[in-house]
Amino acid sequence: MLETVKYLLGSAGPSGYGSKSTAEKVTEHSTDLRSVTAIITGATSGIGAETARVLAKRGAKLILPARSIKAAEETKARILSESPEAEIIVMALDLSSLSSVRKFVAEFENLNFPLNLLINNAGKFAHQHAISEDGVEMTFATNHLGHFLLTKLLLKKMMDTAKESGVEGRIVNVSSSIHGWFSGDAIQYLRLITKDKSQYDATRAYALSKLANVLHTKELARILKKMGANVAVNCVHPGIVRTRLTREREGLITDLVFFLTSKLLKTIPQAAATTCYVATHPRLANVSGKYFADCNEVSSSKLGSNLTEAARIWSASETMVAKNSYANSDPLEIN
């Protein structure tokens with residue numbers, strides 16, 4: 001009850017920020033990000049677009065990968081209308097397609113840009129069951145597997161940039177508190193809903209993909225520490241906010257739920273605050289493998305904190321992205 005009251009009041013936590021803090025507020029310390037190059041997925045609307053707007057306002061050079069080039073160009077135009085000096089490049093990327101991810105990374109590397117910041121923000125909540133071109137359930141393919149491969153392929157660039165600049169690189173995985181709704185065997189459930197449409201539950205599939213984001217963060221942080229890399233990775237819950245993520249679930253029930261929870265809803269500037277805080281605040285130097293909400297470190301679910309499960313999801317993801325390099329392979333033949 002006390003935590004709910006603090007949330008509603010926007011009371012500041014140890015960081016000095018809380019649920020009512022905005023992305024602009026938490027980046028007031030970072031008024032000059034001109035040396036930062038950032039890739040932000042899912043920046044065509046909602047939290048991603050606000051994150052891009054604020055980081056551009058602070059001077060960061062932005063790469064906006066998107067499935068819809070038109071939507072990304074519109075986002076770019078809106079940002080430039082406010083920050084005419086901003087450097088923004090729009091590129092094509094469909095996170096549900098592993099070949100698209102590989103193509104994007106190859107094209108980005110051809111630009112010979114450094115990379116200081118990777119924000120894995122894009123998300124999909126699919127009411128209808130679908131399978132990606134790589135043979136994986138679509139929500140998991142988009143929310144986790146595409147970002148897993150994207151991060152894997154960009155990691156060397158980030159480590160090289162951090163080494164050359166002496167400035168810590170940061171990866172931010174945007175998850176959700178809904179990750180705590182998932183229980184059971186993650187890989188077994190993924191295999192089940194990929195192979196049997198009748199077993200598909202949209203909310204549980206989304207929760208699984210968000211749990212995978214948390215576990216990806218845990219294991220990647222362990223690996224980066226072992227490597228001695230000057231790159232940190234953290235995970236965030238942005239809060240409850242009505243964005244285009246729910247566009248496939250519009251209707252009376254969705255409207256009613258949002259009406260009943262309206263006092264708990266954040267504005268989009270508030271929802272983007274935790275991402276921007278974790279991405280830029282100097283207080284978080286050398287902080288890695290953590291989970292944040294309302295701009296403060298909090299605990300993830302018990303399953304989300306399980307290092308054995310994190311290693312298992314990592315191994316399964318490696319198998320899925322590797323096997324899709326070969327024709328006629330089953331990406332879900334995993335342990």
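- E318 is listed as a side-chain neighbour of K152, based on a closest heavy-atom distance under 4.5 Å.
- Between M91 and I63 the shortest side-chain heavy-atom distance falls below 4.5 Å.
- A cation-pi arrangement is absent between K210 and F182, since the terminal nitrogen or guanidinium carbon is not both under 6.0 Å from the aromatic centre and inside a 45° cone about the axis.
- S300 and S305 share a donor-acceptor pair across their side chains, judged by distance under 3.5 Å alone.
- Taken together through direct or relayed side-chain contacts under 4.5 Å among Ile, Leu, Val, Met, Phe, Trp and Tyr, L98 and L150 form part of one hydrophobic cluster.
- Interatomic distance, N173 CG to N234 CG, rounded to the nearest 0.5 Å: 9.0 Å.
- A donor-acceptor contact shorter than 3.5 Å is absent between the side chain of N121 and the backbone of I40.
- When atom types are taken as modelled, the side chain of H144 and the backbone of F140 share no donor-acceptor pair closer than 3.5 angstrom.
- Judged by distance alone, with hydrogens and angles left aside, the side-chain atoms of K218 form a donor-acceptor pair with the main-chain N or O of G289 at under 3.5 Å.
- Between N296 and S15, the shortest heavy-atom distance links the atoms OD1-N, 2.9 Å.
- For the pair A205 and T139, the tightest heavy-atom approach, listed with the atom from each and the gap, is O-CG2, 4.0 Å.
- A donor and an acceptor atom, one from each side chain of S30 and R58, are nowhere located under 3.5 Å apart.
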D94 vs K103, salt bridge (charged side-chain N to carboxylate O under 4.0 Å, His left out): CA-CA, chis, key distance, verdict
CA-CA 10 Å; D94 179 354; K103 182 179 179 183; over 6 Å; no

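- A donor-acceptor distance shorter than 3.5 angstrom exists from the side chain of S132 to the backbone of D134, with no hydrogens or angles considered.
- The pair E82-R78 fails the salt-bridge criterion, with no side-chain N (NZ, NE, NH1 or NH2) lying under 4.0 Å from an Asp/Glu carboxylate O.
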Test salt bridge (charged side-chain N to carboxylate O under 4.0 Å, His left out) on R312 and E309 and set out the steps.
CA-CA 5 Å; R312 186 166 175 253; E309 192 66 16; 3.3 Å; yes

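- The shortest distance between side-chain heavy atoms of V136 and I131 does not fall below 4.5 Å.
- With hydrogens and angles disregarded, no donor-acceptor distance shorter than 3.5 Å links the side chain of R67 to the backbone of G42.
- Between the side chain of K157 and the main chain of F113, a donor-acceptor pair closer than 3.5 Å is present.
- For Y291 and H179, the ring centers sit closer than 6.0 Å to each other.
- Put simply, the side chain of S288 never gets that close to the backbone of A232: no donor and acceptor are under 3.5 Å apart.
- The OG atom of S96 lies 8.0 Å from the NZ atom of K124; values are rounded to the nearest 0.5 Å.
- Rounding to the nearest 0.5 Å gives a distance of 12.0 Å between NZ of K163 and OG1 of T161.
- L215 and G304 make their closest contact through CD2-O, 3.6 Å (heavy atoms, listed as atom of the first residue, atom of the second, distance).
- S100 and E133 share no side-chain donor-acceptor pair at under 3.5 Å.
- In the hydrophobic cluster analysis, where Ile, Leu, Val, Met, Phe, Trp and Tyr join through side-chain heavy atoms closer than 4.5 angstrom, V101 is grouped apart from M138.
- Side chains of V174 and N213 form no contact here, defined as non-hydrogen atoms less than 4.5 Å apart.
- Put simply, the side chain of S21 never gets that close to the backbone of Y17: no donor and acceptor are under 3.5 Å apart.
- To the nearest 0.5 Å, atom CZ of residue R53 and atom CD of residue E50 are 4.0 Å apart.
- Across T151, T217, T275, a single residue satisfies side chain to side chain donor-acceptor pair (under 3.5 Å) together with N120, and that is T151.
- At least one side-chain heavy atom of M158 sits less than 4.5 Å from a side-chain heavy atom of L118.
- Distance alone, capped at 3.5 Å, is enough to place a donor-acceptor pair between the T75 side chain and the T44 backbone.
- In this structure, the separation between CD on E137 and CG on L190 is 7.0 Å, given to the nearest 0.5 Å.
- Scanning both residues, A186 and L208, for their nearest heavy atoms gives CB-CD1, 3.5 Å.
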Criterion side-chain contact (heavy atoms from CB on, under 4.5 Å) on V241 and L265, from CA distance to verdict:
CA-CA 5 Å; V241 59; L265 291 179; 5.6 Å; no

Begin from the C-alpha positions of E219 and S315 and carry the test side chain to side chain donor-acceptor pair (under 3.5 Å) through to its verdict.
CA-CA 10 Å; E219 182 65 4; S315 178; over 6 Å; no

Report the C-alpha distance between S209 and N143 in whole Å, list the side-chain angles of each, state the deciding distance to 0.1 Å, and finish with yes or no for side chain to side chain donor-acceptor pair (under 3.5 Å).
CA-CA 6 Å; S209 72; N143 294 356; 3.0 Å; yes

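- Side-chain contact between F108 and I89: absent, with no pair of heavy atoms (C-beta onward) separated by less than 4.5 Å.
- For K290 against V287, the heavy-atom pair with the smallest separation is CG-CG1, 3.7 Å.
- In this structure a side-chain-to-backbone donor-acceptor pair under 3.5 Å is missing from S175 to C235.
- In this structure, CD1 on I171 lies 9.5 Å from CG on L117, to the nearest 0.5 angstrom.
- A continuous path of hydrophobic side-chain contacts links M159 to W314 [ILVMFWY only; heavy atoms under 4.5 Å].
- The aromatic rings of F148 and H216 sit tilted relative to each other, their planes meeting at an angle between 30° and 60°.
- Cluster annotation: I119 is connected to Y277 through the hydrophobic network of ILVMFWY side chains, with a link wherever side-chain heavy atoms come within less than 4.5 Å.
- Taking the side chain as every heavy atom from C-beta outward, V231 and R170 never approach each other to under 4.5 Å.
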As a quick check of understanding, evaluate side chain to side chain donor-acceptor pair (under 3.5 Å) for R191 and T194, giving each step before the final call.
CA-CA 5 Å; R191 183 185 292 116; T194 294; over 6 Å; no

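- Nearest heavy atoms, A271 versus P238: O-CB, 3.4 Å.
- Contact annotation: the side chain of V172 approaches that of V236 to within less than 4.5 Å [non-hydrogen atoms, C-beta and beyond].
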